[in-house]
Amino acid sequence: MASKKGVKVMKVAKKVAESGSKSTFLKATIPAGMATPAPPLGPQLGARNINIAQFCKDFNLRTSKMKEGTPLPCRVSVNADRTYNLVIHHPPVTYFLKQAAGIKKGATRPGQEVAGKVTLKHIYEIARLKSEDPTFEGIPLKKVCERILGVAHSMGIQIVETVQFKEYQRFLNQRKTIIEEEEKELEAIKQAKLLRV
């Protein structure tokens, strides 16, 4: 027969386990207009006792004017009565930078190669949008710009005064060839590893 102390420990462990599985806060990145009950979103909402169908309908309605598929960081806090507060942030800085530079991915070797180019005006416009997010609340616009400059550098995106359309188009075409060669090299390395196994 289990001792009283052992039973008490088991009850505490059970409470801790239950409280951990019923978190009242959720951070997720959901594509605009594409919230569905399917994994991974559905199970995350279900674990927090949120009406999944209602949440998806609410999210898709609130993001209906945005470009479908745009990644949107969301913060959901759950109330005791199963209602929730949904805060939708602007897309991530990396998304904005890739859009502004006209690229699909950043540099594989930042600092050694240039993946794309943006102007200071692009940085300012991204900072102006991102400063509306709660995570940047109270942070001066200059500091937001500095953070975005840091992200651009880590992605291999060069900051320039102006971008000449024809010249930049040539750059992107050259870059496309480089990316295709890198992908072929990576695929060859992957295949070589599979053969060794």
Side-chain angles (χ1 to χ4, degrees), residues 7-101 103-106 110 116 118 120-157:
V7 171
K8 201 173 195 179
V9 168
M10 291 299 286
K11 284 182 180 178
V12 170
K14 186 177 178 183
K15 281 184 182 179
V16 169
E18 285 174 355
S19 67
S21 65
K22 293 183 181 177
S23 172
T24 59
F25 189 74
L26 171 66
K27 289 169 80 172
T29 300
I30 309 168
M34 298 176 70
T36 64
L41 183 60
Q44 291 176 340
L45 296 171
R48 289 161 178 83
N49 290 323
I50 296 175
N51 182 328
I52 300 168
Q54 182 59 44
F55 178 90
C56 293
K57 184 179 176 184
D58 182 29
F59 177 85
N60 290 337
L61 183 66
R62 285 179 59 182
T63 60
S64 62
K65 292 186 176 146
M66 297 179 183
K67 181 181 175 187
E68 191 173 281
T70 302
L72 298 170
C74 299
R75 307 294 179 261
V76 184
S77 55
V78 186
N79 304 319
D81 62 352
R82 293 184 61 186
T83 59
Y84 56 86
N85 297 321
L86 171 61
V87 179
I88 302 172
H89 295 217
H90 287 92
V93 170
T94 53
Y95 174 82
F96 280 130
L97 287 169
K98 286 189 278 187
Q99 292 294 307
I103 60 175
K104 292 185 179 174
K105 67 180 219 171
V118 297
L120 283 172
K121 186 175 180 179
H122 288 120
I123 299 295
Y124 172 77
E125 291 299 326
I126 294 168
R128 201 173 52 75
L129 282 170
K130 288 303 286 179
S131 66
E132 296 171 6
D133 286 349
T135 50
F136 288 103
E137 195 174 299
I139 298 174
L141 193 59
K142 182 181 178 186
K143 291 285 184 194
V144 178
C145 286
E146 288 171 0
R147 287 187 185 184
I148 294 169
L149 286 169
V151 173
H153 179 72
S154 71
M155 293 174 69
I157 295 176

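When reading the values below, keep in mind they use all heavy atoms of this one structure, side chains included, and skip hydrogens, waters and symmetry mates.
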F59 vs L72 side-chain heavy atoms within contact, under 4.5 Å:
yes
What I'd like to find out is whether the side chain of F136 reaches to under 4.5 Å of the side chain of H89, using heavy atoms alone.
no
What distance do I126 atom CD1 and L97 atom CG have between them, rounded to the nearest 0.5 Å?
4.0 Å
Kindly say whether T135 contributes a backbone atom to a donor-acceptor pair with the side chain of D133 at under 3.5 angstrom?
no
Is the backbone N or O of V76 less than 3.5 Å from a side-chain atom of K27, with the two atoms forming a donor-acceptor pair by type?
no
What I'd like to find out is whether the side chain of Y124 reaches to under 4.5 Å of the side chain of L141, using heavy atoms alone.
yes
Flag the pair D58 / Y84 as yes when at least one side-chain heavy-atom distance between them is below 4.5 Å, and no otherwise.
yes
Without swapping roles, check the side chain of R48 against the backbone of Q44 for a donor-acceptor pair under 3.5 Å.
yes
Would you say the side-chain atoms of S77 pair up with the backbone N or O of F25, donor to acceptor, closer than 3.5 Å?
no
Report the distance from atom CG of L26 to atom CG of L41, rounding to the nearest 0.5 Å.
7.0 Å
Does a side-chain heavy-atom distance below 4.5 Å link I30 with F55?
yes
Can you confirm whether L86 sits close enough to C74 that some side-chain heavy atom of one is under 4.5 Å from a side-chain heavy atom of the other?
yes
Hey, does the side chain of K98 reach the backbone of G106 with a donor-acceptor pair shorter than 3.5 angstrom?
no
N60 side-chain N/O to C56 backbone N/O, donor-acceptor pair under 3.5 Å:
yes
Are there over 12 heavy-atom neighbours, none belonging to E137, within less than 6.0 Å of that residue's CD?
no
d(K67 NZ, Q99 CD) to nearest 0.5 Å is 5.0 Å
